[in-house]
Amino acid sequence: MADSKDDSTYVPLLSERYSGIPESLLEKAQQAKAHALSVTTETQSTKQRSPVYPPGVERRVFDEAVNELRDQLGADHVTLNNQPLKDGWYMEHPNTHDMMYVLDQDELVPSAMVYPGSTEEVQQVVRWANKYHIPIFPISMGRNFGYGGAAPRVRGSVLVDLGRRMNKILDINPDDYTCLVEPGVSFFALYDEVKRRGYNHLWIDTPDVGGGSVIGNTVDRGVGYTPYGDHWAVHSGLEVVLPTAEVIRTGMGALPGNNTVLSTNPFLRMQWQAFPYGFGPYSDGIFSQSNYGIVTKMGMALMPNPGGFESFAYTFPKEEDLTQLIEIIRPLRISNILENAAQLRHVIQSIAVLGKPRSTYYKGEGAIPIDIIHKAVSETALGDHTWIYFGMSYGPPHIRKYKLDIIDAEFNKVPGAQRIDPTTLSPDEYFWARDKIASGTPDVQELRWVQWVPNGAHIAFSPVSPIRGADATRLIEMARRRHDEFGIDLLPAFIVGLREMHLIVEIVFDRTDGARRKAALDCLRAMIDDAAAYGYGEYRTHLVLMDQIAGTYNWNDGALMKFNEKLKDALDPNGILAPGRCGIWPRKYRGRGWEMTRESGESSQGNGVAAD
Ligand code: ADP
């Protein structure tokens, strides 16, 4: 095992760093790093940068404020962002900027990073921000790749990096099947701890790659692939520092003495996570995809081990099969015969996830011709296909058989459908990565398609629609038109929830190439407008697209945003917490051109802030 940080095979382990990789995935992560480095042509920047300051704060005042915060938190826990920016890779990611930048690398950057060690210290930081009117931006792990990474929306904000010092698993309750975590707990860490304690009757749920934090992913409404994959739906109880520095606990946590694993009364210990709603308005919702609070603790339900599981995959030959297939999937999914948020992926994904750059197959300009993809996939164990469905059946064999027989009969109604025989697949086939993820075991294989182009970065377009064949076809055709227009390969997958599906289109671009960055952003903006014209909206997005997407949810003269702004001004009168996140701007920024759109010329910065 490598032990030097300069060694290209070095990957931080979970045992040495909260954001590290579990031992069990070390080899795979080392391969992923080697792979990422092999397609990185950019030499790391050594360019000296000018210091960045928060808007409306004079340099002298900022310096004074930073010194004051250093006195409060300790000098080591406040650092200025004045060094050359280093992109790193997934496991060694920066908190100084968005490693997958679609604007200039130096555009969405904080002025400084602070590392509170407790809820009380988070409160101190918030009081400090209010005193100096400095915008702050909280992150948990900062691996929100494709959505902005660790970057703040307002240049010069102070990044509150919660994960570095607040990363304890406070509780795993093996009787109630719940846990309580701090911001820096990753899916890797939670999984490892459940295993270490020998709780084989508990499962966690994990997204495609397990390095993100449980809290960051959940508050941004990320998903995983077991039946507990809707993370927000299965969270239970929050501790939140408000923008004016008070702390609240939601749900049963608001009962005194009832809300801490440190309680000496074992009956009281159990209640916070057992019931998510408590009494009165259910306030948790306003703390997801918003800028109304900093989450310092979160509870979560864990899934019981279902007593067996079995992955399956089916391939379908033609593009046009999509319509019939989606119609077949809808009733099966709603009735829970298809039990997890399964994936229907396009053939180009079957090739991209092998991890070879597109230049292996095609060196021409524009989108890669589909016959080249079909030829390449014919030579793989999956055989030629256009769509591939990955699913999992849960429970003991006789229960699985009941469901799998129905699925088989239904999927075989599509002419040419083929069930993949897993015994024919080698251990590094992508099928086995999906098998792990859908059974709650974190993995890293999904990183491979990011190397589709050199210096690969990605941004997702993710509209929500009903589970209808006509909607799926309309969305794909629209996305394909726009991808062809901008010369981008279309990498689509449908993730089928319960009564809706997300189309996830990942645009992979060379982040060092300004023209490709612009093409990616123009394509995304065009697709968002096209989708809105059809009545589709996105479920989650990147920092640079938040204003545009929030603007599409504008029924009744923008009534929802007016309500959001009213809440913002009431909760955050000085507008210090994550201004602009999810398109919500506080009063002092409004009407000053801070919204980032095509019309704004993609400028992330407005015309100052209102005087206090
Ligand atoms: P991940 O944990 O997946 O790496 P991040 O830490 O980058 O994700 O968080 C994703 C986004 O969610 C951040 O950009 C931030 O806006 C928001 N967020 C993350 N953690 C918190 C938190 N503890 N409180 C409030 N908002 C948060």
Side-chain angles (χ1 to χ4, degrees), residues 18-20 88 90-100 108-110 113-116 118-119 121-123 125-126 135-154 157-167 181-190 205-224 231-232 235 238-243 247-248 250 284-300 442 446 460 540-546 571-572 576-584:
Y18 76 102
S19 58
Y90 184 83
M91 287 307 300
E92 292 161 285
H93 67 292
N95 67 359
T96 47
H97 64 294
D98 180 6
M99 166 181 123
M100 301 197 167
L108 299 175
V109 291
M113 289 76 73
V114 307
Y115 305 99
S118 63
T119 301
E121 288 194 358
V122 174
Q123 291 178 274
V125 172
V126 171
I136 55 176
F137 192 92
I139 60 159
S140 288
M141 188 69 80
R143 281 198 180 118
N144 203 20
F145 297 128
Y147 300 109
R153 171 61 177 84
V154 167
S157 299
V158 168
L159 195 82
V160 185
D161 187 336
L162 300 154
R164 188 171 292 191
R165 295 174 66 216
M166 298 173 70
N167 47 47
V181 297
E182 289 190 330
V185 175
S186 67
F187 294 94
F188 288 149
L190 186 59
D205 185 274
T206 174
D208 291 294
V209 192
S213 71
V214 179
I215 288 185
N217 181 278
T218 302
V219 298
D220 212 27
R221 298 208 287 267
V223 298
H231 295 160
W232 183 253
H235 95 281
L238 299 175
E239 178 184 86
V240 186
V241 175
L242 299 177
V247 192
I248 61 169
T250 66
D284 290 41
I286 66 166
F287 299 113
S288 81
Q289 289 196 1
S290 74
N291 49 13
Y292 300 148
I294 302 178
V295 177
T296 45
K297 292 185 181 63
M298 187 186 75
M300 190 101 168
E446 195 73 29
R540 183 183 183 188
T541 199
H542 190 281
L543 291 171
V544 303
L545 302 172
M546 286 177 172
L571 292 171
D572 186 6
I576 52 102
L577 190 61
R581 180 161 156 69
C582 294
I584 306 167

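Only heavy atoms go into these numbers, but all of them, side chains included; no hydrogens, no water, no symmetry mates. Whatever order the structure lists them in is the order used to number ligands and atoms, beginning at 1.
Using a distance-only test at 3.5 Å, with no hydrogens or angles considered, no donor-acceptor pair links the side chain of Asn167 to the main chain of Gly184. Of the possible polar contacts, one joining the Asp572 side chain to the Leu577 backbone as a donor-acceptor pair under 3.5 Å is found. In this structure, Arg143 contributes its side chain and Ser19 its backbone to a donor-acceptor pair below 3.5 Å.
Between Met141 and Gly211, the closest heavy-atom pair is CG-O, 3.5 Å. In plain terms, the two heavy atoms of Val181 and Ile215 that are nearest each other are O-CD1, 3.6 Å. Summarising the geometry of Ile136 relative to Pro579, their closest heavy-atom pair is O-CD, 4.4 Å, with the distance given to 0.1 Å. Here the shortest heavy-atom pairing between Pro183 and Val295 reads CG-O, 3.6 Å. Heavy atoms only, all atoms of each residue included: Met113 and Tyr115 are closest at CB-OH, 3.5 Å.
By the 4.0 Å heavy-atom criterion, Gly163 is excluded from the residues contacting ligand 1. Residue contacts with ligand 1 leave out Ala578, since none of its heavy atoms falls under 4.0 Å from the ligand. Heavy atoms of Gly293 approach ligand 1 to within less than 4.0 angstrom. Phe145 does not count as a contact of ligand 1, since none of its heavy atoms falls under 4.0 Å from the ligand.
Of the protein's heavy atoms, Ser213 OG, 2.4 Å lies nearest to atom 2 (O) of ligand 1. The nearest heavy-atom contact from the protein to atom 17 (C) of ligand 1 is Arg581 NH2, 3.8 Å. Of the protein's non-hydrogen atoms, Gly142 N, 3.5 Å is the one closest to atom 5 (P) of ligand 1. Nearest protein neighbour of atom 9 (O) of ligand 1, counting heavy atoms only, is Gly216 CA, 3.7 Å. Nearest protein heavy-atom neighbour of atom 8 (O) of ligand 1: Asn144 CB, 3.8 Å. Here the heavy atom of the protein found nearest to atom 13 (C) of ligand 1 is Pro138 O, 4.0 Å.
With values rounded to the nearest 0.5 angstrom, Ile584 atom CD1 is found 4.0 Å from Tyr292 atom OH. How far CD of Glu121 is from CZ of Arg165: 5.0 Å, rounded to the nearest 0.5 Å. Annotation: the span from His231 atom NE2 to Arg221 atom CZ amounts to 14.0 Å, rounded to 0.5 Å.
Inclusion of Val295 in the set of residues having an N or O under 3.5 Å from an N or O of ligand 1 is warranted. In terms of polar-atom proximity, Val219 is not counted as a contact of ligand 1, lacking any N or O under 3.5 Å from an N or O of the ligand. In terms of polar-atom proximity, Phe137 is not counted as a contact of ligand 1, lacking any N or O under 3.5 Å from an N or O of the ligand. Considering backbone and side-chain N/O atoms, Ser140 comes within less than 3.5 Å of an N/O atom of ligand 1. For a threshold of 3.5 Å applied to N or O pairs, the pair formed by Arg143 and ligand 1 contains at least one separation below that value.
For ligand 1 and Gly149, the ligand atoms under 4.0 Å from any heavy atom of the residue are 7 (O).
Contacts between Leu162 and ligand 1 below 4.0 angstrom, taking non-hydrogen atoms only, involve the side chain exclusively. Looking at Ile215 against ligand 1, only its side chain comes within 4.0 Å, counting heavy atoms.
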